[in-house]
Amino acid sequence: MRPPSECRNMAELRDQIDRLDRKLVGLFSERAAYIDRAAELKPAEGLPARINSRVTEVRNNVRAEALAQGWDPELADSLWSQLIDWSIAREEKILGQDEQE
């Protein structure tokens with residue numbers, strides 16, 4: 001891993017971005033596996049796919065972490081909003097349940 005300030009040209013910079021993209025895809029894939037497991041566990045606990053209080057909690061956590069790391073919290077929130085919606089839709093295919101507070 002090379003810090004951005006040490007990249008001498010665009011080719012080196014792009015290599016680092018591509019490396020990070022591969023890591024991000026891996027992390028999102030790992031997160032999806034946890035979503036799949038949630039869909040398996042929720043019926044036994046009587047939980048629906050969407051739990052609004054948890055959605056709010058995750059979005060707040062992401063915004064706070066973005067701020068702590070000097071990243072745009074609005075962008076983070078927007079990205080996670082899409083990720084959360086995708087995750088809930090994935091669970092709903094399995095659970096077929098309605099919203100819960």
Side-chain angles (χ1 to χ4, degrees):
M1 171 152 183
R2 178 175 293 166
S5 62
E6 292 181 15
C7 293
R8 296 172 298 202
N9 55 53
M10 286 303 296
E12 288 180 4
L13 188 77
R14 287 177 180 147
D15 285 344
Q16 294 304 306
I17 290 171
D18 291 345
R19 179 190 58 76
L20 285 171
D21 287 346
R22 287 188 298 273
K23 287 178 101 173
L24 287 169
V25 168
L27 289 170
F28 286 128
S29 178
E30 182 179 348
R31 190 182 193 284
Y34 283 96
I35 296 304
D36 291 345
R37 182 63 177 145
E40 294 171 1
L41 295 173
K42 283 183 174 182
E45 297 185 30
L47 298 172
R50 177 180 291 276
I51 302 169
N52 289 329
S53 59
R54 177 61 180 153
V55 170
T56 300
E57 178 184 15
V58 170
R59 290 179 71 178
N60 288 340
N61 290 344
V62 166
R63 290 180 68 84
E65 187 61 28
L67 276 171
Q69 293 196 34
W71 196 43
D72 182 352
E74 293 299 321
L75 176 58
D77 185 52
S78 176
L79 292 170
W80 256 259
S81 179
Q82 289 183 315
L83 181 61
I84 290 166
D85 288 347
W86 176 88
S87 298
I88 290 168
R90 188 173 173 104
E91 287 183 21
E92 285 175 341
K93 285 181 185 177
I94 298 166
L95 299 175
Q97 294 181 350
D98 294 329
E99 239 175 66
Q100 177 178 321
E101 291 299 318

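Nothing fancy with the numbering, it's 1 onward along the sequence.
- Under the 4.5 Å side-chain heavy-atom criterion for Ile, Leu, Val, Met, Phe, Trp and Tyr, Val58 and Leu75 are members of the same hydrophobic cluster.
- For Glu12, the side-chain hydrogen bond (donor to acceptor under 3.5 Å, both in side chains) criterion is met by Arg2, Arg8, not counting sequence neighbours.
- In this structure, Ile35 shares a hydrophobic cluster with no other residue, the cluster being traced through Ile, Leu, Val, Met, Phe, Trp and Tyr side chains under 4.5 angstrom apart.
- In this structure, Leu13 belongs to a hydrophobic cluster whose other members, linked by side-chain heavy atoms under 4.5 Å apart, are Met10, Ile17.
- In this structure, Arg63 and Leu67 have side chains that are not in contact, with every pair of non-hydrogen atoms separated by 4.5 Å or more.
- Listed by chain and residue number, Glu40 satisfy the side-chain hydrogen bond (donor to acceptor under 3.5 Å, both in side chains) test with Arg37 (two or more places apart in sequence, or in another chain).
- We find the CD1-NZ distance between Ile94 and Lys42 to be 10.5 Å, quoted to the nearest 0.5 Å.
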Atom pairs and distances, donor-acceptor, side-chain atoms in residues 76-89, under 3.5 Å, two or more places apart:
from	atom 1	to	atom 2	distance (Å)
Asp77	OD1	Arg59	NE	2.7
Asp77	OD1	Arg59	NH2	3.2
Asp77	OD2	Arg59	NH2	2.7
Ser87	OG	Arg31	NH1	3.3
Ser87	OG	Leu83	O	2.8

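- Asp21 contributes atom CG, which lies 11.5 Å from atom CD of Gln16 (distance to the nearest 0.5 angstrom).
- For the atom pair CD1 of Ile51 and CD of Glu91, the computed distance is 8.0 Å after rounding to the nearest 0.5 Å.
- Taking both residues in full, the closest heavy atoms of Asn52 and Arg50 are given as OD1-CD, 3.1 Å, listed atom of the first, atom of the second, then distance.
- In this structure, CE on Met1 lies 10.0 Å from CD on Glu6, to the nearest 0.5 angstrom.
- Legend: residues meeting side-chain hydrogen bond (donor to acceptor under 3.5 Å, both in side chains) with Asp36, ordered by chain and number and at least two apart, are Arg90.
- In plain terms, the two heavy atoms of Leu95 and Ala49 that are nearest each other are CD1-N, 3.7 Å.
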